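Small disclaimer: the values here were computed from a predicted structure and weren't measured. Atom set for the values below is all heavy atoms of this structure, side chains included, hydrogens, waters and symmetry mates excluded.
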Amino acid sequence: MKKKLSEFAVGDKGVICEVAGEGRVRRRLFDMGVTPGAEVQLRKKAPLGDPLEVRLRGYTLTMRKSEAEQVTMEVKK
Amino acid sequence: MKHFALAGNPNSGKTTLFNALTGATAHVGNWPGVTVDRREGVYRKTPEPVSLVDLPGIYSLSPYTAEEVISREYLLDHKPDCIINIVDATNLERNLYLTTQLMEIDVPLVVALNMMDELEKNGDKIDVKKLESRVGLPIIPISALKGEGIDELMTRAYEASQTPREAVTVLNESALGHLIGDCRIALEGAEVEHSLFHAVKLVELDELEVKAHPASAKMVEDFKKTFSDDTFGGDFEAIVADSRYKYITAHYSSSLTRNVERELKGTRSEKIDRVLTHKIWGIPIFLMILFVIFHLTFSENLLFLGAAFSPNVVDELGNEYWVSLPGTVAEGLFGTDGIASPGVFLMNLLSWGTDSLTGAIADGLAAIQAPEWVSGLLCDGILGGLFAVISFLPQILLLFFFFSILEDTGYMARIAFILDRIFRRFGLSGRAFLPMIMGFGCSVPAMINTRTLSDEKEKISTIRVIPFFSCGAKLPILTAIAGGIGLSFGLPHTDLITYGMYVVGMVVALVAVLLMHHTTQKGDVPPFIMELPSYRLPQLRSTMLLLWDKTKHFIKKAFTVILLSTIIIWLISHFSWSWKFLSDEEMGQSILAGIGQFIQPLFTPLGWGAQLGATGWVFAVAAITGLVAKENVVATFGTLAACLGAASLNVELDGGLSAVAAMISETGVGVPALIGFIVFNMLTIPCFAAVATAKAELSSKRLFAGTLLFWVATSYAVSSMFYTIGTWWWTCFIWLAAIALVVVLVVLYNKGIIKPIKPWRRRAKRGTCGCDCAGCVHRGDCEAALAEVRAKKVASKKDSE
């Protein structure tokens, strides 16, 4: 099942299928290791619901929902 | 002498390694992106001394951030003899991503695998021999913090620097391998240095490269027409980034054995975060931490112990005081309301020292019968001004100490995480909160702290509004005038005026940020894709080095810019136009008073100008002396009240209340004008120390001038608003109309319906201004224009197909 990273609930895991968007933000996501094939888990949401805290490639990354919207995930059970 | 460069991800321990190798005082922080300028130092244990350059922390060599451009230009143009790539072993994959880019440069490269001790503690393992053979570069495990392995690292790096290294790439097997090869051959034909690096960047259609090598760029464009990837289409930049990570996962990651149990259970940092960034408790805990820091730095009543015990001295009037051993070092141990906090105690201690010094010099001068103006200039002018500025140092340093601990431990990044949602509305990221809140203590450390902001526009806006968060030195102005109003006009609850002014400051700051976000500092909200570093214990040594660094900078400033300006202010306030020395009480005839009388009409809309007549200049003069240090405002009131004819008043006795009351009765000033005066002082150009800091932190003179203008304009407008509405309530309609007009104009301007006349705003081109793109204020324009051009190209290509 495919889902956007921004629609994940806390604890959901998945593998990145696609990273949309363009320019600076997309390149930044790539540079931080958010590339197709990487396994990602949504670990937490900030107290006000945004930004998100995700775990990938053995480290913790934070991004806004608007940025996570660009990332399509294959949900893993 | 050999030249080595240190390159690596932010927060990978690069600066710690640099300090360990050179013993230098470079600042280390657990905040991604602390090193903005590069630092240099020398390592001497190799056969030949090595000069080391600490480059800013970067994740990639893309052209999108200032740090990346600086590092890239350094590595390519300065040709170091060796690059030491520091890699955080606990975060292997993402760190090696940069390594795959560095190997494309024709310079010897060694990898320092840092934080091996932490990796082992986590229960993870790296097979270093296996990784070394796979990567094909010397890899040396080290612990920069403990100094383990760093001499071996330098020996291996020195060996590596003896022979040139030919660049290699991990992209050969990717879909673009052939294209990169072709580009490289073409560039080599044109005798371009670092041909492989430039070839890869050309294939990525990197804006800097396309401009530099248009012929080869055309080749890439032609190839692009015939090529389409299943996942990425024609986005070569994405294909390159993806291929790198694919290669890393396929070839390097197998050397790493992760402790699966830990990853499932959650790391130590995650356990800490369960509390510190908790859904409900996260924000209250943050506010609590902030309160404790401010309490320890500024409170005169530590832990509110004053209420538990009764003061030890009661004077004839029934006033109760806390006094401890007057005239000794321990005098400052008690504040006025109880036991002093460490910050207040240190400040009292310092002022005890400086006062004794000034006293001794005054006595010495009296003993040798020096002329009055000499001792006045030396003791009141030079020493008085300098010590007034230096007296903040203990509290500034203490505040810095606490905030650098927050930064070192990694909590600072969490604060940004918690608060980002709120600040995004104002076009800022959550990181901007800290410098602003520090402003309540002192603007100087607050402005220095804006270095942690990655976005230039965010940084400019933040520096500009920091003084609006009323600092510790402005509080006496608020309390003295509010108290004076209470005394003279019999108003109750004057402390409400004080609180109200704090709120006014914050509201003006938010409005100003919003306005700048929609006009001069326009741009997208900066992206917030940030690493949350693991929690670490703060390193006391590096914190102390940082404090020492700050002290040096501050003292240097105090003895140059600030010294000069205090001397000038003293001279013009103690000499008449005929160059005759005046005592404090005769300040009414001084050059400064003359200037005050001359500019007095300017303040008429603020309530303390022409309408006050012959005595009104005192307010103008007090505001000018406030530029040295805001404490001077109240002190000047005391002096000027005396020269207006009131009996000599000691402002230290009652915090300036009676001086203000005397001023009110002598000048006949009203409440709205006094409020206007407070607002003006709160929002206008801050003290010299803060101005000097703003100048150092802003990247250009133009920005600095704009900032000064912004402060003057804001304070003038807001202050006259308060005065006019306070005097004639119906003027609020005029102000509302004016505000509505501004809002409408800004909205129309942003929708492109009206175009402002802005002769000074040119669309800068690289090279025309002689400065670098990295720090350019028009960078946003260039990027926007470039994106437009790119979009058009893509569209036209689609049409032609």
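The heavy-atom pair separating B:Ile418 from A:Leu48 by the smallest distance is O-CD1, 4.1 Å. Nearest heavy atoms, A:Lys44 versus B:Asp273: NZ-O, 2.7 Å. Closest non-hydrogen pair, B:Phe417 versus A:Pro51, comes out as O-CD, 3.4 Å.
Residue contact with chain B, scored on non-hydrogen atoms closer than 4.5 Å, involves the backbone of A:Lys45 exclusively. Heavy-atom distances place no part of A:Leu56 under 4.5 Å from chain B, backbone and side chain included. Proximity to chain A involves both the backbone and the side chain of B:Phe528, based on heavy atoms less than 4.5 angstrom apart. With a 4.5 angstrom heavy-atom cutoff, B:Ser269 does not touch chain A via any of its atoms. For A:Glu53, the parts lying near chain B are the backbone and the side chain together; criterion is any non-hydrogen pair under 4.5 Å. Contacts between B:Ser429 and chain A at a heavy-atom distance below 4.5 Å involve backbone atoms as well as side-chain atoms.
A donor-acceptor contact shorter than 3.5 Å is absent between the side chain of A:Arg57 and the backbone of B:Glu93. Put simply, the side chain of B:Tyr245 gets close to the backbone of A:Asp31: a donor and an acceptor are under 3.5 Å apart. A donor-acceptor pair is defined here as one N or O able to donate and one able to accept, closer than 3.5 Å; no such pair exists between the side chain of A:Arg28 and the backbone of B:Pro527.
Rounded to the nearest 0.5 Å, atoms CZ (A:Phe30) and CD1 (B:Ile239) are 9.5 Å apart. For the atom pair B:Thr267 OG1 and A:Arg43 CZ, the distance stands at 7.0 Å (nearest 0.5 Å). Interatomic distance, CG of B:Asn11 versus OH of A:Tyr59, reported as 11.5 Å (0.5 Å rounding).
Taking 4.5 Å as the limit, every side-chain heavy atom of A:Arg26 sits out of range of all side-chain heavy atoms of B:Glu237.
Looking at A:Arg27 and B:Glu68, no side-chain N of the basic residue comes within less than 4.0 Å of a carboxylate O on the acidic one, giving no salt bridge. Note on B:Arg424 versus A:Asp50: salt bridge recorded, some NZ/NE/NH1/NH2 to OD/OE distance being below 4.0 Å.
The candidate from B:Arg274, B:Glu270, B:Lys279, B:His278 with the greatest count of non-hydrogen atom pairs under 4.5 Å with chain A is B:Glu270. With chain B as partner, the option from A:Ser66, A:Pro47, A:Gly58 having the largest number of non-hydrogen pairs under 4.5 angstrom is A:Pro47. If you tally non-hydrogen atom pairs under 4.5 Å between each of A:Leu61, A:Thr62, A:Val34, A:Thr35 and chain B, the highest count goes to A:Thr62.
The neighbour count for A:Lys3 NZ, taken as heavy atoms of other residues, nucleotides or ligands under 6.0 Å away, is above 12. Within a 6.0 Å radius of CZ in B:Arg425, no more than 12 heavy atoms belonging to other residues, nucleotides or ligands are found.
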